[in-house]
Amino acid sequence: MARRRLGDDVALHGHAMTGAFTTAGFRLAVISEPRPDPAARGLFPDDFHGLSTKTCFLIFVVEVPPSTTGSDD
């Protein structure tokens, strides 16, 4: 799978989103940018190029870090 750099607009908004998660105390486990299924090319021929070259969805998997105090509260 080819990797590409996120556009500047996504990088700026992504930074705001990741900052919000970490400020709230979460740890980022995964940031994923799923690509459209190749079968979509036949269903949406006019839109497929845009869907496959621009960022449309970002998926964040966040975790609550283990407590450093030793309590389960």
Side-chain angles (χ1 to χ4, degrees):
M1 169 163 60
R3 305 299 283 172
R4 65 185 178 84
R5 186 176 170 183
L6 294 175
D8 291 339
D9 59 331
V10 174
L12 291 173
H13 295 298
H15 180 68
M17 289 186 283
T18 58
F21 290 134
T22 56
T23 298
F26 293 101
R27 177 174 56 199
L28 292 166
V30 176
I31 300 175
S32 176
E33 181 188 7
R35 306 310 315 148
D37 188 306
R41 183 184 312 272
L43 297 170
F44 309 101
D46 296 335
D47 299 317
F48 187 79
H49 178 75
L51 292 171
S52 62
T53 59
K54 295 182 175 108
T55 301
C56 297
F57 299 98
L58 290 175
I59 298 173
F60 296 88
V61 177
V62 297
E63 300 174 335
V64 176
S67 174
T68 57
T69 63
S71 71
D72 291 334
D73 296 333

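Just so it is clear, the values below take in all heavy atoms, side chains as well, and ignore hydrogens, waters and symmetry mates. Predicted model, so just to flag it, every value in this text is computed and none were measured.
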### Query
Quick one: do Leu58 and Val61 end up in the same hydrophobic cluster if we chain Ile, Leu, Val, Met, Phe, Trp and Tyr together by side-chain heavy atoms under 4.5 Å apart?
no
### Query
Same cluster or not: are Val64 and Val62 linked, directly or through other Ile, Leu, Val, Met, Phe, Trp or Tyr residues, by side-chain heavy atoms under 4.5 angstrom apart?
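In one cluster with Val64: Val62, yes.
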### Message
Within a 6.0 Å radius of atom CZ on Arg27, are there more than 12 heavy atoms belonging to other residues, nucleotides or ligands?
### Response
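For Arg27, atom CZ is crowded (more than 12 foreign heavy atoms under 6.0 Å).
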### Query
What do you reckon, is CZ of Phe48 surrounded by more than 12 foreign heavy atoms closer than 6.0 Å?
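Yes, enclosed.
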### Message
I want to check something: taking the side chain as every heavy atom from C-beta on, are Phe60 and Thr18 in contact at a cut-off of under 4.5 Å?
### Response
yes
#### Entry: Lys54 side, atom NZ; Glu33 side, atom CD - distance, nearest 0.5 Å
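The NZ atom of Lys54 sits 13.0 Å away from the CD atom of Glu33.
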Closest non-hydrogen atom pair, [X] against [Y]:
{"X": "Ser52", "Y": "Arg35", "value": "O-NH2, 2.7 Å"}
{"X": "Ile59", "Y": "Pro34", "value": "CD1-CG, 3.9 Å"}
{"X": "Gly25", "Y": "Pro65", "value": "O-CD, 3.0 Å"}

